[in-house]
Amino acid sequence: MTESAEWSDTAATAPQAAAVTPAVSPADTSDAARLVAFGLQPKLQPARDQEYADLLRRYREDPPFARLADAVATGLGLVVLEVSPRAGMAVTAAEGSVFAVRMGDYARRASSDTADRFLHGLAHLAVAALAFPRPEDLADDGYIGRLTVNGVDAFVRQACRRLEQRAEERGENTDPASDAPGLEAAWRIWSRRSATGATKDSRRLAGSTTGIVAKAVAFLADSGFLQRTGDEGGGTYRTTARYQLQVRDMASGAAMGELLELGVVPVSDGTATLLPPDDTDDLDLAADAGLPFHS
């Protein structure tokens with residue numbers, strides 16, 4: 001009798017439990033995948049696509065749908081950084097994802113020279129540091145970073161100068177070692193590379209440092225992280241919400257940490273500034289660098 005009563009209670013509650021958890025329909029899954037697909041189009045702005053905006057609103061207002069969209073992204077090897085009207089569905093590729101674009105792959109496509117690969121990686125690191133030089137800039141959702149190609153090059157050359165001075169004080173060899181690993185080797189290689197190239201009309205060569213920066217920012221613009229705003233200073237750019245999220249994600253990485261440890265961008269107390277070195281006469285800075293120094 002007892003077993004019969006227990007079975008009856010279980011049978012009675014089973015339909016109720018099923019009713020509490022709504023079934024996921026194929027249409028829901030399709031909508032969730034559609035939202036993730038929008039997120040994989042970094043240049044697409046929600047304000048310019050009504051379907052995208054509607055799916056974002058559903059994500060924010062419908063928790064089960066949000067969990068489904070997150071699950072779809074996870075299954076594709078993506079990490080959801082933020083879902084908002086300003087950034088859309090901002091995703092980044094997890095390690096091993098088919099959507100991952102590794103810096104090594106990018107550098108190998110950009111150049112077959114080992115030293116140039118160092119420099120391309122350094123250019124991306126410098127762009128990130130210069131776009132958001134202070135912690136409060138990186139934390140402020142409304143902050144828009146601005147930079148120029150020549151400005152990034154001049155910024156790196158200033159860092160090279162500081163590293164050279166530090167090496168001289170320590171009695172270290174200041175000659176660049178092209179086959180030496182590490183970020184400092186890349187800084188030294190940069191300082192010996194021509195800023196624009198050696199053509200008669202001073203055209204920017206691909207292997208020059210401004211050529212390398214130009215390729216880096218063009219890649220970021222194509223990826224929806226920067227927007228080109230003009231031609232001054234070798235090309236002017238502004239940051240997007242997606243790039244801010246990406247830099248936040250990489251801010252704790254080893255490469256960024258190594259850059260900050262060099263003292264090039266002292267941001268430890270949240271009141272850092274980018275200041276020119278005391279003596280800039282011999283730095284050979286790029287013309288019209290337009291460095292956004294903060295006083």
Is there a side-chain contact between Tyr237 and Val127 in this structure, where contact means two heavy atoms from C-beta onward sitting under 4.5 Å apart? no
Pairing donors with acceptors under 3.5 angstrom, does anything connect the side chains of Thr210 and Asp153? no
State which residues pass side chain to side chain contact (heavy atoms under 4.5 Å, CB included) with Thr92; sequence neighbours excluded, sorted by chain then number. Val79, Leu81, Gln246, Asp249
Nearest heavy-atom neighbours spanning Ala32 and Leu68: CB-CG, 3.8 Å
Pairs in or reaching into residues 71-96: which pass ring pair (Phe, Tyr, Trp, His ring centres under 6.0 Å), with residues at least two apart or in two chains? none
Quick check: does any side chain N or O of Arg248 sit under 3.5 Å from a backbone N or O of Ala139, one acting as donor and the other as acceptor? yes
Looking only at non-hydrogen atoms, find the nearest pair between Ala126 and Val152 and report the distance. CB-CG1, 4.0 Å
Does some side-chain heavy atom of Arg193 sit less than 4.5 Å from a side-chain heavy atom of Ile212? yes
State which residues pass side-chain hydrogen bond (donor to acceptor under 3.5 Å, both in side chains) with Tyr243; sequence neighbours excluded, sorted by chain then number. none
Suppose we screen for side-chain hydrogen bond (donor to acceptor under 3.5 Å, both in side chains). Which residues come up paired with Glu51, at least two apart in sequence or across chains? Arg34
Taking every heavy atom of Asp140 against every heavy atom of Gly142, the minimum-distance pair comes out as OD1-N, 2.9 Å
Side chain to side chain contact (heavy atoms under 4.5 Å, CB included) partners of Pro42, counting only residues at least two apart: Arg242
Trace of the side chain to side chain contact (heavy atoms under 4.5 Å, CB included) decision for Val36 with Val80: CA-CA 9 Å; Val36 175; Val80 179; over 6 Å; no
Scan for ring pair (Phe, Tyr, Trp, His ring centres under 6.0 Å) pairs involving residues 24-43, sequence neighbours excluded, and state none if there are none. Phe38-Tyr52
Listed by chain and number, what are the side-chain hydrogen bond (donor to acceptor under 3.5 Å, both in side chains) partners of Asp49, not counting sequence neighbours? none
Considering residues at least two apart in sequence or located in another chain, which fulfil the side chain to side chain contact (heavy atoms under 4.5 Å, CB included) criterion with Ser30? none
Would you say the side chains of Thr148 and Thr236 form a donor-acceptor pair under 3.5 Å? no
Any chance you could lay out the side chain to side chain contact (heavy atoms under 4.5 Å, CB included) test for Arg238 and Leu147, step after step, and finish with the verdict? CA-CA 7 Å; Arg238 56 176 285 175; Leu147 53 91; over 6 Å; no
Can you pull the side chain to side chain donor-acceptor pair (under 3.5 Å) pairs that have at least one residue in residues 64-75, sequence neighbours excluded? Tyr59-Asp70
Heavy-atom nearest pair, Arg86 first then Leu245, reads NH2-CD2, 4.0 Å
Tell me if a side-chain donor or acceptor on Thr240 pairs with a main-chain N or O of Phe225 at a distance below 3.5 Å. yes
Give, for atom CZ of Arg57 and atom CD of Gln50, the distance between the pair rounded to the nearest 0.5 Å. 6.5 Å
How close do Pro46 and Pro85 get, counting heavy atoms only, and between which atoms? CG-O, 3.7 Å
Does Asp222 have any side chain to side chain contact (heavy atoms under 4.5 Å, CB included) partners at least two apart in sequence or in another chain, and if so, which? Lys43
First locate atom CD of Glu61, then atom CG of Leu56, and finally report the distance between them rounded to the nearest 0.5 Å. 11.0 Å
Considering only heavy atoms from C-beta outward, does the side chain of Thr239 approach that of Val247 to under 4.5 Å? no
Between CG on residue Leu220 and CZ on residue Arg228, distance to nearest 0.5 Å: 13.0 Å
Output all residues satisfying side-chain hydrogen bond (donor to acceptor under 3.5 Å, both in side chains) with Ser84, sequence neighbours left out; order by chain, then residue number. Glu82
Partners passing salt bridge (charged side-chain N to carboxylate O under 4.0 Å, His left out) against Arg58 (at least two apart in sequence or in another chain): Asp28, Asp31, Asp62
Nearest non-hydrogen partners of Ala69 and Leu35, listed with the distance: CB-CD2, 4.2 Å
pair Gln244-Ile144: side-chain heavy atoms closer than 4.5 Å: no
